[in-house]
Amino acid sequence: MSLAPSSAPARMPGWLLILPALLFLVAFFVLPLIDNSLRSFEVGGEFSLGRYIQLLTDTFYLGVIVETVVLSTAVTVICALIGYPVAYYLVRHAGRWSGLIVFLLIAPLLTSIIMRTYGWQVLFARRGLVNTLLVQDLGILERPLQLLNTPGIAIAALVHVLVPFMVLSIATVLQGIDQRLEEGAQMLGASRWRTFLEVTLPLSADGIGTGAILVFMIANGSFVTLVLLGGGFQTLPLFIYQQFTTTRDFGMASTMSTILLVIAMTCLYLQLRLVRRAGV
Amino acid sequence: MSGSSALWLDQIRKDYGPVTAVRDLSLTVEPGHLVALLGPSGCGKTTTLRMVAGFERPSAGRIVIGDQDVTALPPHRRNLGMVFQNYSLFPHRTVAENIAFGLRMAGKSRTEQAEAVTRMLDLVQLAGRGDMYPRQLSGGQQQRIALARSLVLDPRVLLLDEPLGALDKSLRESMQFEIRAMQQRLGITTLLVTHDQEEAMTMSDQIAVMQDGRILQMGAPTEIYDRPETRFVAEFLGTSNIFGGTVAASGQEMAADGMTIRLPHPVTPGNRVFLSVRPERVRVGDEARAMPSHTRARVAGRVFRGTYEACHLEIGPEARQVYAYLPSRGALGAGGSATGQECWIGWAAEDSVIVTSE
């Protein structure tokens with residue numbers, strides 16, 4: 001408590017500072033979530049696990065859950081593969097350009113996700129920029145390609161949105177690695193590549209982990225991109241939307257969102273474990 | 001350990017754009033010797049070491065180790081050892097894994113690695129600490145592990161980059177002796193970079209004093225200290241009183257700061273020379289009157305420093321400052337007193353050295 005200036009006339013308890021934010025969170029986040037999960041356990045006025053049993057045993061619903069996780073994993077892996085070299089360049093080679101690169105990375109996040117997704121539609125539509133270029137201007141193809149509503153475009157759009165999170169997570173950790181550790185490894189006979197594998201990569205694992213969990217969680221809950229770009233994916237967020245608008249089965253929607261929440265919480269828990277282990 | 005190699009820097013130069021960090025520097029380290037590159041920050045000593053290590057490529061010149069020109073070799077193929085100021089132990093590996101790292105890179109068997117680790121831990125007196133992580137060790141212990149990690153590979157040359165800079169003073173002193181003893185026992189050619197003159201004096205066979213990308217003077221510690229060739233060397237190693245003046249017609253004396261100073265050897269009359277006198281060579285009191293160079297001085301300050309007393313004196317019409325160190329020999333507890341009084345100071349001509357203005 002030595003941080004508080006001793007001359008302060010009346011000491012304000014520290015927790016007062018976060019009270020407004022806390023009240024806001026409770027009213028608009030915690031209570032609705034509790035209400036939502038209560039609804040998932042209620043069938044005809046009584047407590048029941050029926051919906052969970054149905055969701056976790058029915059092969060169709062299980063398929064949806066698996067597909068959600070597989071899609072998110074794929075997006076995460078691609079983000080890591082693309083993001084690591086970018087982060088490495090940013091920290092080690094960009095020099096005075098690093099500020100510009102960080103800006104370029106973050107800039108897409110400043111536009112609404114809907115605008116960005118429509119951008120992908122404009123680019124890849126049947127008579128969009130890419131097809132026009134390939135067919136009319138360059139004459140490489142005879143007829144336009146079916147690009148929209150393919151899994152590839154949906155994954156590309158998700159990666160586009162999420163890769164900055166991966167880059168920034170990894171760059172933060174890379175920044176903290178003392179380059180003399182790498183020089184030390186080289187003096188001990190490790191080639192540059194060996195040094196990367198033995199020293200740089202293990203020491204930046206926490207950055208990859210943090211980025212991966214972040215990307216995975218956001219990809220898991222991604223909705224707009226998949227609605228607008230399709231790709232034939234059947235993921236939990238799309239199903240929840242369907243339950244609300246088409247089937248009007250609110251109870252089932254609540255159950256699915258609770259499962260989504262549990263997956264997210266598991267991720268957060270893993271991240272905390274990771275950070276604690278690394279807390280040297 | 002097998003015989004260590006000589007290190008030879010042949011006219012090496014390093015330019016960073018318009019800035020030259022190292023200017024055509026040549027240096028030889030005899031096998032088994034320890035040479036210190038000593039100088040203020042920015043003098044090019046670290047750049048020189050990094051060129052030997054292979055992290056910087058010389059703009060010109062050659063680096064030869066033993067009879068091999070290594071100028072173009074990458075660091076990992078030079079077979080050198082290096083110890084950094086911040087130890088640079090791998091935080092994600094145990095002490096034993098740190099020591100075994102180089103052996104593993106060289107493809108040595110597990111049993112060989114384990115044997116060597118045990119041997120090295122014994123050598124640095126940290127037996128039984130193999131399973132600990134570097135962060136669980138003290139700074140001095142980490143530095144010993146860093147040494148062991150380098151020495152286990154039997155490097156041709158050991159490079160020490162301000163190796164004790166992060167340790168506190170008392171530990172630094174004992175580590176200076178410890179590293180020096182180990183270096184001599186193993187007979188390993190060593191290049192030490194430091195800005196700490198005491199460290200350089202304690203550990204080296206030879207000191208190369210650097211300034212502005214060049215070696216100003218190289219020699220044994222006593223030689224550098226007692227026979228500095230330039231004003232910079234005299235002032236960087238220890239403290240020096242520098243007197244500048246024009247040599248009188250006799251060639252034996254010069255006038256400076258209101259006193260007549262006897263030169264240690266004859267110089268062409270009319271030349272402008274600088275004379276360096278170490279504070280511990282300056283006599284204070286009535287005995288000073290008998291010295292060939294002497295004058296009246298006013299005591300401006302006295303500081304008790306334990307083993308000696310540093311006197312801050314003023315001489316001549318412009319109150320020029322002169323330092324004198326007097327051994328602490330008075331009554332216990334009586335050090336560091338009276339200022340303002342007048343006294344005689346003086347020194348023997350052979351206790352002074354003529355230096356260049358550089």
Side-chain angles (χ1 to χ4, degrees), chain A residues 80 83-84 87-89 91-98 169-213 270-280, chain B residues 46 49-50 52-56 73-93 97-108 113 116 133-136 142-143 145-163 165-166:
Chain A
Y84 200 100
Y88 192 88
Y89 180 83
V91 172
R92 290 296 163 79
H93 300 294
R96 61 202 175 95
W97 297 106
S98 63
S169 301
I170 296 173
T172 312
V173 174
L174 273 181
Q175 198 108 50
I177 298 178
D178 184 354
Q179 270 178 272
R180 271 180 286 188
L181 290 176
E182 294 167 6
E183 292 181 351
Q186 288 180 45
M187 291 308 290
L188 295 168
S191 62
R192 278 171 169 270
W193 176 239
R194 207 67 203 275
T195 300
F196 175 76
L197 290 181
E198 297 276 352
V199 179
T200 319
L201 192 60
L203 288 178
S204 53
D206 290 331
I208 303 173
T210 306
I213 287 165
L270 286 176
Q271 189 191 8
L272 276 179
R273 282 280 302 267
L274 198 78
V275 170
R276 203 166 300 160
R277 183 183 57 77
V280 178
Chain B
T46 301
L49 190 84
R50 292 179 61 80
V52 176
F55 297 125
E56 305 280 351
L73 279 187
H76 69 276
R77 307 229 338 249
R78 293 193 179 193
N79 192 12
L80 307 176
M82 184 154 175
V83 174
F84 300 82
Q85 175 173 354
N86 58 350
Y87 327 126
S88 291
L89 295 174
F90 306 127
H92 58 303
R93 297 189 183 280
E97 286 169 343
N98 264 283
I99 296 176
F101 187 89
L103 298 170
R104 197 155 59 79
M105 292 302 113
K108 292 281 186 327
Q113 290 178 34
Y133 280 89
R135 62 173 180 277
Q136 295 170 294
Q142 289 189 39
Q143 197 54 292
I145 297 299
L147 260 177
R149 186 176 73 168
S150 292
L151 293 177
V152 72
L153 293 177
D154 202 358
R156 294 190 288 181
V157 175
L158 181 64
L159 308 175
L160 304 174
D161 185 8
E162 305 266 5

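Just so we're clear, the structure is a prediction, and the values are computed from it rather than from any experiment. So that the names make sense, note that chain A is the first sequence line, chain B the second, and so on, each numbered from 1.
- Of the atoms belonging to B:A106, not a single heavy atom falls under 4.5 Å from chain A.
- With a 4.5 angstrom heavy-atom cutoff, B:R50 touches chain A only via side-chain atoms.
- Proximity to chain A is absent for every atom of B:P74, based on heavy atoms less than 4.5 angstrom apart.
- A distance of 11.0 Å separates CG in A:L188 from CZ in B:R104, rounded to the nearest 0.5 Å.
- Ranked by heavy-atom pairs under 4.5 Å with chain A, the list B:M82, B:R149, B:R78, B:H92 is led by B:H92.
- Remark: A:M187 CE to B:N79 CG distance equals 9.0 Å, nearest 0.5 Å.
- Looking at B:L159, the atoms closer than 4.5 Å to chain A (heavy atoms on both sides) all sit in the side chain, from C-beta outward.
- For chain A, the nearby parts of B:L80 are the backbone and the side chain; heavy atoms of each come within less than 4.5 Å.
- Using a 4.5 Å heavy-atom threshold, the side chains of A:D178 and B:F84 count as separate.
- Both the backbone and the side chain of A:L181 come within contact range of chain B, each with at least one heavy atom under 4.5 Å from a heavy atom of that chain.
- Annotation for A:R180 and B:S88: closest pair CB-OG, 3.4 Å, computed over non-hydrogen atoms.
- For the pair A:G184 and B:F90, the tightest heavy-atom approach, listed with the atom from each and the gap, is C-CZ, 4.5 Å.
- The salt bridge (charged side-chain N to carboxylate O under 4.0 Å, His left out) analysis of residues 185-194 of chain A, with sequence neighbours excluded, yields the pairs A:R194-A:E198.
- A:A190 approaches B:H76 most closely through the heavy-atom pair O-CB, 3.2 Å.
- A:L201 pairs by the side chain to side chain contact (heavy atoms under 4.5 Å, CB included) definition with A:Y84, A:F196, A:L197, A:S204, A:I208, not counting sequence neighbours.
- The minimum heavy-atom distance between B:P75 and A:Q186, with the atom names listed, is CG-OE1, 3.5 Å.
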